[in-house]
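To start, the structure under review is shown below, and the notes come after it.
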Amino acid sequence: MKIFAARTLAPLLVLAFALAAGAQTPPGGGGPRKAGVIELARGVVPVEVTLTGQATAVEDASVRPLVDGVITAILYEPGREVAAGAPLFAIDSQTYQASVAAAEANLRSAEAAVGPARAALQRYEKLVGTGVTAEALENARMTLAQAEAAVAVAEASLQTARIALDRTTIRSPVAGVPDVAQVSVGDLVTSGQSTALTTVTALDPIHVDLSEASARMLDLRARIESGAVKPGDRMAVRLMLENGQVFDGTGTLSSVSSRVSTSTGTVRVRFRFDNPHRVIIPGMFVRASVTLGTAEGYLIPQMAAQLQADGTIAIWLADAENRAQTLRVTPMGSTDTAWIVGQGLKDGDRLLVDSIDSLAAGTEIAPVAVTLSPEGVITDAAAPQAAPAPAAGN
């Protein structure tokens, strides 16, 4: 009896599951699928490119000693900005002071020999031919020249000694923010050593080096020459930091590299930014939105397009029979929320902007007119407006 019951129950269970599945599938495939659409219209739009890059200091100086000696004082506070020429370190100067004193004494000695040599030459010049031979006169001239040369050598030695003494105070070569000292009071340092005592970095202004593909630069140049893109008077640059914050500052084009990187195929484009609040620091990675000019084209919301491996984007349009049709077009640039397409579309085309993830060609669409805000937010174009408040007394 148990076997008979199992054999009888199995077909009933299969039939029940089939009926349940049929009840979940709407007749006729569920009817048209609702989807938001916007009507495309050609207009003048900004041509922007998004580039990645890294901040680099305009000036970044490594500070090293130019004389030997023992560090006697650290004269700055790390992180606090210093002016060019500000003292940073002091080296024991006693030996160098003594060298200056010795050089000054040698100079006075050399200067003292010049007067007698000049007087002797003047006497010989008056007495030549009357007891003074031409040879004696020539020797007097040589003696004066040697005395004057000794003065010049002494002056140079004194200048060298004074330079060495001045270098016992190590000064900042640039205006900027000094780093933590790599030495302590009492450390012995040597002239030209490989280890820097500290570094001084200029943070305002600051450079941002961006990378652009050389192929895309060639494409942009061709479009400018053909008139498809009209360049602006200057490049507008908007910088986005690592945390997504938009940097509040204006960048100006500083230079464009004359070489293409053999490893990445990119060209370095350098911009200069004012950085009064020290928000950007060297080494920071950034993204930049660069406005290159304007062009006539259509704005395709990025949420309504799928980027393909060949650089095209796939979009969905509703045809005259309200059926979904896919199309691939090539963008010429982008904004923050949209692709810019110049060819392949026409005014009046209806772009599907939502419910496109599982669409198939020919799917019947129930179009719903929507609007798209600059931030990419979809709003029902037919949404009712709030009724005005009744007048007082009604």
Side-chain angles (χ1 to χ4, degrees), residues 43-61 76-84 86 172 174-180 199-213 216-217 220 224 229-257 266-295 297 299-303 331-340 371-379:
V44 177
V45 295
V47 177
E48 299 179 353
V49 294
T50 300
L51 308 177
T52 59
Q54 194 171 16
T56 181
V58 174
E59 293 178 321
D60 190 17
Y76 73 96
E77 188 174 333
R80 177 171 292 183
E81 188 168 2
V82 297
S172 176
V174 298
V177 179
D179 203 350
V180 176
T199 57
V200 181
T201 305
L203 297 178
D204 181 28
I206 196 164
H207 284 152
V208 173
D209 291 337
L210 304 175
S211 298
E212 170 65 314
R216 192 156 67 170
M217 291 187 69
L220 175 63
I224 291 176
V229 175
K230 296 180 180 179
D233 296 334
R234 58 185 296 272
M235 289 187 183
V237 185
R238 197 159 49 114
L239 208 60
M240 285 148 282
L241 306 181
E242 292 172 317
N243 61 353
Q245 174 188 352
V246 177
F247 176 69
D248 184 17
T250 302
T252 56
L253 181 64
S254 177
S255 63
V256 179
S257 175
T266 58
V267 176
R268 188 187 68 183
V269 182
R270 170 168 286 182
F271 287 88
R272 189 182 181 101
F273 283 83
D274 293 331
N275 190 32
H277 302 297
R278 316 300 193 262
V279 175
I280 305 175
I281 58 177
M284 182 180 290
F285 289 95
V286 297
R287 290 188 301 117
S289 178
V290 184
T291 302
L292 304 174
T294 58
L299 287 178
I300 305 298
Q302 292 181 4
M303 61 181 297
M332 67 173 67
S334 66
T335 66
D336 284 344
T337 59
W339 296 102
I340 302 170
T371 58
L372 202 67
S373 70
E375 293 77 22
V377 177
I378 299 175
T379 306

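Within the model, atoms CD1 of Ile206 and CG of Asp274 stand 11.5 Å from one another, a figure rounded to the nearest 0.5 Å. The structure places OG1 of Thr56 at 8.5 Å from CZ of Arg268, a figure rounded to the nearest 0.5 Å. How far CH2 of Trp339 is from CG of Leu299: 12.5 Å, rounded to the nearest 0.5 Å. Rounding to the nearest 0.5 angstrom, the gap separating the CG atom in Leu241 from the CZ atom in Phe285 is 13.5 Å. Rounded to the nearest 0.5 angstrom, Phe247 CZ and Ile280 CD1 are separated by 4.0 Å. With values rounded to the nearest 0.5 angstrom, Ser255 atom OG is found 7.0 Å from His207 atom NE2.
The minimum heavy-atom distance between Arg80 and Pro178, with the atom names listed, is O-CD, 3.1 Å. Between Phe273 and Val237 the shortest heavy-atom distance is CZ-CG1, 3.7 Å. The minimum heavy-atom distance between Met240 and Val246, with the atom names listed, is CG-CG2, 4.2 Å. Closest approach of Ala202 to Ala57, counting heavy atoms only: O-CB, 3.8 Å.
Residues that satisfy the salt bridge (Lys or Arg N to Asp or Glu O under 4.0 Å) test with Arg238, not counting sequence neighbours, are Asp336. Partners of Asp209 by salt bridge (Lys or Arg N to Asp or Glu O under 4.0 Å), not counting sequence neighbours, listed by chain and number: Arg270.
Side-chain contact check for Pro282 versus Asp60: every heavy-atom pair is 4.5 Å or farther apart. The shortest distance between side-chain heavy atoms of Val58 and Arg272 falls below 4.5 Å.
Of the possible donor and acceptor atoms, one in the side chain of Asp204 sits under 3.5 Å from a partner among the backbone N and O of Asn275. In this structure, the side chain of Asp179 does not engage the main chain of Thr199 through any donor-acceptor pair within 3.5 Å.
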